[in-house]
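First the structure, in the form of structure tokens, and then the observations on it.
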There are 2 protein chains.
Amino acid sequence: MKPEDATNEVYRFFTEVGIINQLISTQLEAFLPGRMTATQFGILGHLVRRPEGETPLQLSNAFQVPKTSMTHMLASLENHNLITLETNPKDKRSKIARSTPQGVEFLKACMERMSEALAPVLSELGPEPFNRSLPNLTLIRETLDKERN
Amino acid sequence: MKPEDATNEVYRFFTEVGIINQLISTQLEAFLPGRMTATQFGILGHLVRRPEGETPLQLSNAFQVPKTSMTHMLASLENHNLITLETNPKDKRSKIARSTPQGVEFLKACMERMSEALAPVLSELGPEPFNRSLPNLTLIRETLDKERN
DNA sequence: CTCCAATAGTACGATATCAAACTAAATAAT
DNA sequence: ATTATTTAGTTTGATATCGTACTATTGGAG
């Protein structure tokens, strides 16, 4: 394969990733209240899986959004009583975000609705396409993250 | 594999897609003038590859964004003289967006800079991870698109 | 032909995102 | 200990996105 073809393939890869992300986000956001965004929902999921909580900076690194965006997202999640924000006892500049019981409940309900909505897709495709691409995606994500300036 | 594990895997798939999209968009947007977004850049690329042009509605379907967003994006691209917008002679409600020579030039320059920026990633990973996942991504994208209500 | 439903795009208003500049706390340097 | 530097998060202001309601055009039913 010529290097040009490789570049082209990478470009198509990123295009597909962009469109899949768009399709999924749109569908998810249709289930979410108000203007809660797919990323905000992702943050909630991240926190639910980490009961010890994380700082806003850790979260903005994990989701690759500016910390100024994170401030806004966390404020919004807190307004919905889905998370709490406390000052970090180990560093008074910092805070710790944790999911609330309502947050756990809300996440569960949304994921169930999303599963129902995606059921036709899963039964048509089966697990293999996800199964086969996931390790590659993880590898690509890790490398992109590592090489980021 | 239990069905619950399959759901979990799908969830992780979408999470990885979201983060990769975020990483690439951020890097690309750092190269783009003003606040031009990765999606707008994607639209330009789409039009450059289709000299006959497309209508705004075709574009909003291809990129899965609301047509009201497309109006804004196309206006922005037109302001930068990267595309033209003419009324469709076959349907006066409609328009046709086409890339300009400046648009072609601009796209080329940005893609070259992006290639340079991604060179370390590509040389570390090689083409295989992209190669192997692309057909699966395409399949997933097509199915998601088809099953969308 | 007339009317009506469907379709393409836009105006408007609300909210999300993000860059730049800022405040406060922690850490390092002298 | 004092000062300088770095770090965590927020405020501010600008722009992007998108839902709702609208206008204009098309195409079909009668």
Side-chain angles (χ1 to χ4, degrees), chain A residues 18-19 21-44 53-80 83-97 149, chain B residues 18-19 21-44 53-80 83-97 149:
Chain A
I19 294 176
N21 184 62
Q22 186 68 30
L23 281 161
I24 289 297
S25 301
T26 302
Q27 183 139 20
L28 176 57
E29 282 163 12
F31 295 149
L32 298 179
R35 305 208 42 170
M36 183 185 288
T37 206
T39 305
Q40 293 178 16
F41 186 74
I43 291 163
L44 178 60
E54 290 212 337
T55 70
L57 195 59
Q58 286 176 312
L59 291 168
S60 59
N61 285 330
F63 287 88
Q64 289 303 302
V65 299
K67 56 184 183 169
T68 179
S69 308
M70 191 52 63
T71 297
H72 178 264
M73 292 171 181
L74 293 177
S76 170
L77 288 170
E78 192 186 26
N79 279 337
H80 289 266
I83 67 164
T84 58
L85 270 175
E86 303 164 21
T87 54
N88 186 344
K90 296 183 181 165
D91 183 344
K92 281 174 193 152
R93 291 171 303 179
S94 177
K95 297 191 171 176
I96 300 209
N149 64 0
Chain B
I19 294 177
N21 184 62
Q22 187 67 31
L23 281 160
I24 290 295
S25 301
T26 302
Q27 183 139 21
L28 177 57
E29 282 164 12
F31 294 150
L32 298 179
R35 304 207 43 172
M36 182 185 288
T37 66
T39 304
Q40 293 178 17
F41 186 75
I43 291 163
L44 178 61
E54 289 212 338
T55 69
L57 195 59
Q58 285 177 313
L59 290 168
S60 60
N61 284 329
F63 287 88
Q64 290 303 305
V65 298
K67 56 184 183 169
T68 180
S69 307
M70 190 53 62
T71 297
H72 180 263
M73 292 172 182
L74 292 177
S76 170
L77 288 171
E78 191 187 27
N79 279 338
H80 289 267
I83 67 164
T84 59
L85 268 176
E86 303 164 21
T87 54
N88 187 342
K90 296 183 183 164
D91 183 343
K92 281 174 190 149
R93 289 170 303 181
S94 177
K95 296 192 174 177
I96 300 209
N149 65 359

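Computed over heavy atoms, backbone and side chain alike; hydrogens, waters and symmetry mates excluded. Letters A, B, ... are given to chains in the order of the sequence lines, protein chains preceding strands, and every chain is numbered from 1.
Partners of Arg35(B) under the salt bridge (charged side-chain N to carboxylate O under 4.0 Å, His left out) rule, at least two apart in sequence or in another chain, do not exist in this structure. With sequence neighbours excluded, no residue satisfies side-chain hydrogen bond (donor to acceptor under 3.5 Å, both in side chains) with Gln22(A). By the side-chain hydrogen bond (donor to acceptor under 3.5 Å, both in side chains) test, Asp91(A) is found to be paired with Arg93(A), residues two or more places apart in sequence or in another chain being considered. Listed by chain and residue number, nothing satisfies the side-chain hydrogen bond (donor to acceptor under 3.5 Å, both in side chains) test with Ser94(B) (two or more places apart in sequence, or in another chain).
Of all nucleotides in DNA chain D having an atom under 4.0 Å from a heavy atom of chain B, the first and last in 5' to 3' order are dA14(D) to dT26(D).
Closest approach of Asn21(A) and Gly18(B) over heavy atoms only: OD1-CA, 3.4 Å. Nearest heavy-atom pair, Leu77(A) versus Gln40(A), reported as atom, atom and distance to 0.1 Å: CD1-O, 3.8 Å.
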Would Asn88(B) and Lys95(B) count as a side-chain contact (heavy atoms from CB on, under 4.5 Å) here? Give the steps. CA-CA 5 Å; Asn88(B) 187 342; Lys95(B) 296 192 174 177; 5.7 Å; no

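Straight-line distance from the CD atom of Glu86(B) to the C1' atom of dA8(C): 17 Å, rounded to whole Å. The CZ-C1' distance, from Phe41(A) to dA16(C), rounds to 18 Å in whole Å.
Note on Ser76(A): nothing from the nucleic acid sits closer than 4.0 angstrom, heavy atoms only.
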Base-contact (B) and sugar-phosphate-only (S) positions in nucleotides 17-28 of chain C, heavy-atom cut-off under 4.0 Å, - elsewhere: BBBB----BS--

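No hydrogens or angles considered: a donor-acceptor pair under 3.5 Å links the side chains of Glu29(A) and Thr37(A).
In this model, the phosphate group of dT10(C) is approached by a side-chain N or O of Thr71(B) to a distance below 4.0 Å at OP1 or OP2.
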